[in-house]
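Per chain, numbering begins at 1; letters A, B, ... match sequence-line order.
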Amino acid sequence: MRLYNTLTKQTEEVKPLEPPTVTVYTCGPTVYDYPHIGNWFTFIRYDLLVRALKANGYKPKWVMNITDVGHLVSDADEGEDKLEKGARREGKTAWDVAAFYTDYFLNGLERLNFTKPSYLPKATDHITEQIGLIKALEEKGYTYQISDGIYYDTSKFAKYADFAQLDLDEQQAGARVEYNPEKRNPTDFALWKFSPRDHKRDMEWDSPWGKGFPGWHLECSAMCMKYLGDTVDIHSGGIDHVPVHHTNEIAQSEAATGKPFALLWMHTNHILINDEKIAKSAGNGITLEDVEAKGYSLEALRLHVLESHYRSQSKFSWNSLEAAQNRLRNLQAMAALRWQARDTVQDAGTFALDDVAQELKMFLADDLNTPGSLAYLSNVETQLTTVLIEKDMVDHFVDMLGAIDSLLGLNLLEIADISDESKQLIAERERARADHDWAKADELRSKLARAKIGVRDTSSGPIWFPL
RNA sequence: GGCGCCUUGGCGGAGCAGUUACGCAGAGGUCUGCAAAACCUCGUAGACGGGUGCAACUCCCGUAGGCGCCUCCA
């Protein structure tokens with residue numbers, strides 16, 4: 001399996017430290033509000049990564065964290081904690097807000113048919129580990145204290161700028177934010193922030209340096225190392241994390257352990273809506289509820305994610321979701337053939353159902369080429385809907401659907417057989433057609449359509465499909 | 001100001017130096033009692049201008065436009 005590695009800027013073979021296990025860390029959500037569709041796009045892409053790894057013989061150990069403290073609203077450690085801000089907005093405590101949106105997120109993973117991560121650790125459950133990491137950094141001389149917290153001195157980590165190819169001097173010149181003048185370097189970041197004197201935070205902990213809370217970047221390093229070891233095989237997240245969050249994770253982790261933090265870094269590009277990135281301020285933060293309210297299924301959303309490559313900046317619109325929904329319907333029509341096998345079919349051809357899984361797997365093994373896998377699947381669909389299924393092919397056909405589902409998560413196996421009543425209507429319509437009672441035949445077709453069942457007539461009899 | 005990316009047919013969206021990506025929508029046709037089904041065909045796609053190749057959408061240079069990051073962000 002090959003993936004593009006942000007670290008080396010090239011596509012390379014996945015080489016886990018201890019195959020067949022492959023450790024994967026994904027930077028998860030900050031649970032202060034409803035995730036928008038762009039967040040879900042990214043997470044679905046990592047679900048696909050894990051599915052692809054499994055299909056290609058690996059045993060993924062997947063950790064996705066829940067950021068429930070410390071994620072600051074704005075710039076260089078000056079801003080407010082997102083959780084505390086969310087709490088004020090909703091008149092709750094930060095703990096309540098975190099619990100609510102954590103539940104919402106976990107529920108979303110199920111609604112979207114995610115592979116279950118091996119661990120979904122919360123930052124607030126790992127304060128001890130985070131303090132331990134700061135201590136390690138302190139012992140090695142990477143930290144310093146200023147009035148509002150303990151900071152990491154990025155000038156002590158020689159290759160700080162390498163990962164994101166940062167030009168630190170030039171950046172400084174054009175920076176749009178004012179940095180805390182107490183900091184030694186503009187890129188230095190908080191490891192531990194002291195609680196403010198004037199009010200009590202909902203979330204705060206004791207530490208060797210005083211009461212406060214951990215900086216945002218710290219949690220990922222601490223939890224990744226706790227669950228997956230000092231060196232993780234694949235570390236992943238949104239492309240926006242490259243210059244700051246992941247750069248800082250590398251700095252603090254490698255400074256503490258002296259080992260590479262991740263062998264391969266994988267980053268997903270963002271989707272745009274109306275050629276703009278998604279931001280709450282732009283009012284384009286579409287949620288899963290919005291998608292469903294417009295009558296689109298979450299499977300259609302997932303299919304839409306598959307239609308573009310994870311490294312390209314793709315566009316989202318209701319039109320394109322509509323297209324995905326229609327495309328999904330056609331795949332579901334193919335899946336419905338499992339209930340409608342014929343004793344014999346004309347020209348069964350030489351189509352090899354067993355090859356489908358292998359082919360799809362190869363597309364995904366090629367840097368998650370999901371658009372290629374769908375193009376292939378469309379060709380399969382065209383052949384099968386033309387040829388139909390013979391009874392002794394059904395087992396193979398169901399296996400094929402299962403393989404598609406386990407790779408792409410489209411729930412094609414969930415397309416159920418129709419009721420006996422509906423089958424009788426279809427049979428009745430056939431009799432009407434035989435009697436040339438076209439009015440009755442068309443009426444029955446309308447009746448079936450109201451039950452979301454479509455019918456097409458073929459030389460080997462009627463075929464139904466879900467509308 | 002710095003760094004990087006992108007520009008493909010109505011829409012979405014890939015790969016590839018020379019063979020149809022694919023899907024959705026649309027047009028024409030075939031079949032059928034009819035069809036909203038199915039099948040076939042079609043739209044003379046590659047921002048623009050140069051260059052290197054026998055050959056470029058696919059490599060190089062330039063121009064125009066767009067986007068992302070440098071600041072919380074999937």
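Across all strands shown, A:Arg433 has heavy atoms under 4.0 Å from base atoms, whether or not it also approaches the sugar-phosphate. Across all strands, A:Ser317 comes closer than 4.0 Å to no nucleic acid atom at all (heavy-atom distances). Contacts of A:Asn330 with the nucleic acid, taken as non-hydrogen atoms under 4.0 Å apart, involve only primed sugar atoms and P, OP1 or OP2. Residue A:Gly454 is out of contact with every strand shown, counting any heavy-atom pair closer than 4.0 Å. Residue contacts for A:Val455: at a heavy-atom cut-off of 4.0 Å it reaches a base atom on one of the strands shown. At the heavy-atom level, A:Ile271 lies under 4.0 Å from base atoms of the strands shown.
Proximity of A:Asn319 to the phosphate of B:A25: no side-chain N or O atom is located under 4.0 Å from OP1 or OP2. For B:G12, the OP1/OP2 oxygens have a side-chain nitrogen or oxygen of A:Lys315 closer than 4.0 Å. Contact between the side-chain N/O atoms of A:Asn326 and the OP1/OP2 oxygens of B:C24 is not found at any separation under 4.0 Å.
The separation of B:U20 from B:A45, taken at their C1' atoms, amounts to 13 Å, rounded to a whole angstrom. When the P atom is used for both B:U19 and B:U58, the distance is 14 Å, rounded to whole Å. The C1' atoms of B:G12 and B:A17 are separated by 26 Å, rounded to the nearest whole Å. For the P atoms, the distance linking B:C60 with B:C16 amounts to 14 Å, nearest Å.
With a 6.0 Å cutoff to the six-membered ring centre and a 45° limit on the axis angle, A:Lys92 counts as a cation-pi contact of A:Phe100.
Here B:C11 presents its C1' atom at 14 Å from CZ of A:Phe316, a figure rounded to the nearest Å. B:G23 atom C1' lies 14 Å from atom CD of A:Gln325, rounded to whole Å. For A:Asn269 and B:G68, the CG to P distance is 10 Å, given to the nearest whole Å.
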- Represent RNA chain B in dot-bracket notation, 5' to 3'. Only Watson-Crick or G-U wobble pairs with both distances under 3.5 Å count; pseudoknot-style crossings use [ ] and interstrand partners use |. (((((((..(((.....[...))).(((((.......)))))....(((((..]....))))))))))))....

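Ion pair A:Asp153/A:Arg184 flagged as a salt bridge, since at least one NZ, NE, NH1 or NH2 atom sits closer than 4.0 Å to an Asp/Glu carboxylate oxygen.
Taking the six-membered ring wherever Trp is involved, the centroid distance between the rings of A:His245 and A:Trp265 does not fall below 6.0 Å.
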